[in-house]
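Input: a single structure, listed below in structure tokens.
Order of listing sets the numbers, starting from 1, for every ligand and every atom in it. Just so it is clear, the values below take in all heavy atoms, side chains as well, and ignore hydrogens, waters and symmetry mates. Since the structure is predicted, the reported quantities are computational estimates derived from the model, not experimental observations. For reference, positions follow the sequence shown, starting with 1.
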Amino acid sequence: MSNLAILASGSGSNFQAISEVIKKSHHNVSCLICDRKSAFVMERAKKLGIKVFYVTYYNRDKSEAEKEIDSILNSQKVDLVALAGFMRILSPLFTNKWKNRVINIHPSLLPKYPGSHGIEDSFNSGDIELGVTIHYVDQGMDTGPIIYQESFTRCDGETLESAEEKIHRLEHRVYPQILIKKLDNFNKAI
Ligand code: GAR
């Protein structure tokens, strides 16, 4: 069994999808770490019985917040960290310490359209192929070695809403599976 922590800032639909799949596996979601007090993801975690840690970035250095995150990860014996709509850029100090142990999902075919509007930017570009990227996290914004990408072809009459729904459905299907594969590798390494 390996321990996963999920970092999220928002609605938490990916958090929910990951947690439901991991619960049925031999791995464990140790905790949710959230940086926004009013984020709906915290409600989801409470309902699923998953421990929640709120870490504020307000009125202090990013390094202080990251130290707190690091100490939570250590105290919870976390093997792997999944970012699921965590809208912060992690510093090199943190990403080097957790190198190859922090994974992110982004709703575009990176390196195209990084940032917080991946779906809108991909949709508005007119690109025929839309999709998602799962990658290791480094100090950049949605950069780092790509682990997996999956795309679909924009259909006639595709709207932003329909594209958004397809992208989220795709995220919820592929992200838990990739995370389980990575968690399995930790077991093998021991
Ligand atoms: C997801 O679409 C995720 O790919 C995106 O935030 C959304 C969170 O939704 N992440 C990024 O844009 C990272 N740059 P959720 O809170 O419902 O899981």
Nearest heavy-atom contact between M141 and G115 is SD-CA, 3.7 Å
Nearest protein heavy atom with distance in Å, relative to atom 5 (C) of ligand 1 | P107 CD, 3.8 Å
What protein heavy atom sits nearest atom 10 (N) of ligand 1, and how far away is it?
-> I105 O, 3.6 Å
For G115, the atoms of ligand 1 under 4.0 Å from one of its heavy atoms are 12 (O), 14 (N)
Ignoring hydrogens and angles, tell me if any N or O in the side chain of D79 forms a donor-acceptor pair with the backbone of N3 under 3.5 Å.
-> yes
Compare Q16, M87, H117 and give the one whose heavy atom is closest to atom 11 (C) of ligand 1.
-> M87
Is S116 in polar range of ligand 1, meaning some N or O pair under 3.5 Å apart?
-> no
To the nearest 0.5 Å, atom NE2 of H27 lies from atom NZ of K182 at 12.5 Å
CD of Q76 to CG of N28, rounded to nearest 0.5 Å, is 9.5 Å
What's the spacing between T159 OG1 and F123 CZ if we round to 0.5 Å?
-> 6.0 Å
How far is atom 9 (O) of ligand 1 from its nearest protein heavy atom, and which residue and atom name does that atom have?
-> N14 ND2, 3.9 Å
Within-cut-off N or O pair, A84 and ligand 1, under 3.5 Å | no
Atom 16 (O) of ligand 1: which protein heavy atom is closest, and how many Å away?
-> G12 N, 2.7 Å
Sub-4.0 Å atoms of ligand 1 with respect to non-hydrogen atoms of H106 = 4 (O), 11 (C), 12 (O), 13 (C), 14 (N)
For atom 8 (C) of ligand 1, closest protein heavy-atom neighbour = G85 CA, 3.7 Å
Side chains of D138 and T95: do they bring a donor and an acceptor to under 3.5 Å?
-> no
Non-hydrogen atoms of A8 and F86 that approach each other most closely = N-CD1, 3.8 Å
What atoms of ligand 1 come closer than 4.0 angstrom to any heavy atom of H168?
-> 2 (O)
What part of D142 sits under 4.0 Å from ligand 1 if we count only heavy atoms: the side chain, the backbone, both or neither?
-> side chain
Give a yes or no answer on whether the side chain of R154 reaches the backbone of D127 with a donor-acceptor pair at less than 3.5 Å.
-> yes
Look at atom 17 (O) of ligand 1 and say which protein heavy atom is nearest, naming residue and atom and giving the distance to 0.1 Å.
-> S13 OG, 2.6 Å
At a 4.0 Å cut-off, with the gap strictly under it, does some heavy atom of G118 reach an atom of ligand 1?
-> no
Side-chain donor/acceptor of E66 to backbone N/O of S91, under 3.5 Å | yes
What are the atoms of ligand 1, with element, lying closer than 4.0 Å to any heavy atom of E171?
-> 1 (C), 2 (O), 3 (C), 4 (O)
Grab the two heavy atoms, one from V52 and one from A45, that are nearest each other, plus how far apart they are.
-> CG2-CB, 3.5 Å
